[in-house]
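Order of listing sets the numbers, starting from 1, for every ligand and every atom in it. Counting begins at 1 with the first residue of the sequence. Because only heavy atoms are used, hydrogens play no part in the values below, and waters and symmetry mates are left out as well, while side chains stay in.
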Amino acid sequence: MKPTRASLLLPILMVVLAACGGDHPMTTLEAHSDLTREINHIYGRIFWWTALLFILVQGGLIYTVLRFRAKGNETTNPEQVHGNLKLELTWTILPIFILLHIAIPTVSLIFKSQAPSTEEGSVTINALGEQWWFAFEYPELGVVTANEMHIPLGKEVEVRLQSDNVIHSFWVPQLAAKRDMMPGRVNQIKFKAEKLGEFYGQCAEYCGDSHALMRFRVIVDTPEDFAKWVEAQKAPADTEAATAKAGFEAFQGAGCVACHAIRGTTAAAVIGPDLTHIGSRTMIASGILENNAENLKKWIMDPTEVKPGSKMLDLNLTDEQATSITAYLQTLK
Ligand code: CUA
């Protein structure tokens with residue numbers, strides 16, 4: 001049977017309509033902070049003004065084509081004209097106003113969002129772009145973590161963006177716009193979350209092999225839960241338990257201490273993520289694997305398989321070593 005035009009249209013329609021439903025954690029159209037709400041407001045304004053211009057211009061074009069088309073019985077050629085000062089001035093000056101209408105709110109929001117926070121109770125976070133993960137440090141609270149940034153609901157958060165390697169870009173579509181993390185300078189982004197929950201972040205500047213796998217999460221807690229989280233994260237790792245002693249020995253023996261810190265132990269290197277409370281994170285390997293024993297073991301046994309180009313070394317761990325290190329890391333809540 002020959003396919004009809006309508007039957008060809010069906011699969012296209014299905015693909016297009018599939019974009020309308022479901023859960024889209026990376027959509028920029030859902031705003032859950034003061035900053036993204038203001039961005040969407042500007043975006044909406046630009047959209048409707050340009051829609052109006054589109055209708056006016058296309059309407060004029062269609063009208064002209066229909067009204068003045070050749071009917072086949074013309075006896076003379078149309079009058080030839082050259083230049084029209086009034087029209088040319090109009091279509092030069094009018095777009096200037098349209099562009100100013102877009103530029104002024106856009107640029108002022110950029111400046112506003114990078115000004116230091118002056119609000120009482122605001123939280124400052126130093127975010128460092130690494131290849132390929134994010135380090136988060138809360139200088140006033142004494143917390144160091146990686147790839148999962150907890151923030152309190154309704155409080156201003158000032159994130160200072162830095163890099164000591166290549167350029168990355170900090171992007172949390174529903175909470176914060178994209179802003180670059182540049183070596184040699186500190187960029188800032190300020191926002192206030194308006195919804196509890198977990199939000200997806202992603203590096204948005206091509207930075208090497210595993211750029212696409214450089215992800216993170218922002219977890220918006222109630223102020224009470226946030227305070228609890230800070231208390232738990234500030235504490236050093238429990239080193240007294242017998243399992244902790246044996247686990248740390250395996251960790252040290254395998255050479256993990258050369259790159260990682262576990263506060264409360266002798267491991268204090270700052271090359272890789274701080275692991276003091278890795279057991280409390282929901283994801284590992286910078287937001288690409290759920291934090292469970294199976295994934296953790298797979299990750300430490302073969303990092304480059306999970307994350308191409310990973311700077312985490314393949315230490316040729318035996319199965320036994322990997323099992324005990326995994327068990328130990330999981331206890332670090
Ligand atoms: Cu970091 Cu892309």
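- Among heteroatoms of the N, O or S kind in H211, ND1 lies nearest atom 2 (Cu) of ligand 1.
- No side-chain heavy atom of I278 sits less than 4.5 Å from a side-chain heavy atom of P273.
- Using a 4.5 Å heavy-atom cutoff, the side chains of C207 and I167 are not in contact.
- For atom 2 (Cu) of ligand 1, the set of nearby N, O or S atoms under 2.8 Å includes one belonging to C207.
- Inter-residue side-chain proximity for L175 and V220 is flagged as met; some heavy-atom pair is nearer than 4.5 Å.
- Atoms ND1 of H168 and SG of C203, as seen from atom 1 (Cu) of ligand 1, are separated by an angle of 120°, to the nearest 10°.
- Counting heavy atoms from C-beta on, the side chains of H41 and P105 never come closer than 4.5 Å.
- Sorting the N, O or S atoms of E205 by how far they are from atom 2 (Cu) of ligand 1 puts O first.
- When side chains are defined from C-beta on, N187 does not count as touching Q114, because their heavy atoms never get closer than 4.5 Å.
- At a cut-off of 2.8 Å, Y206 is not counted among the residues with an N, O or S atom near atom 1 (Cu) of ligand 1.
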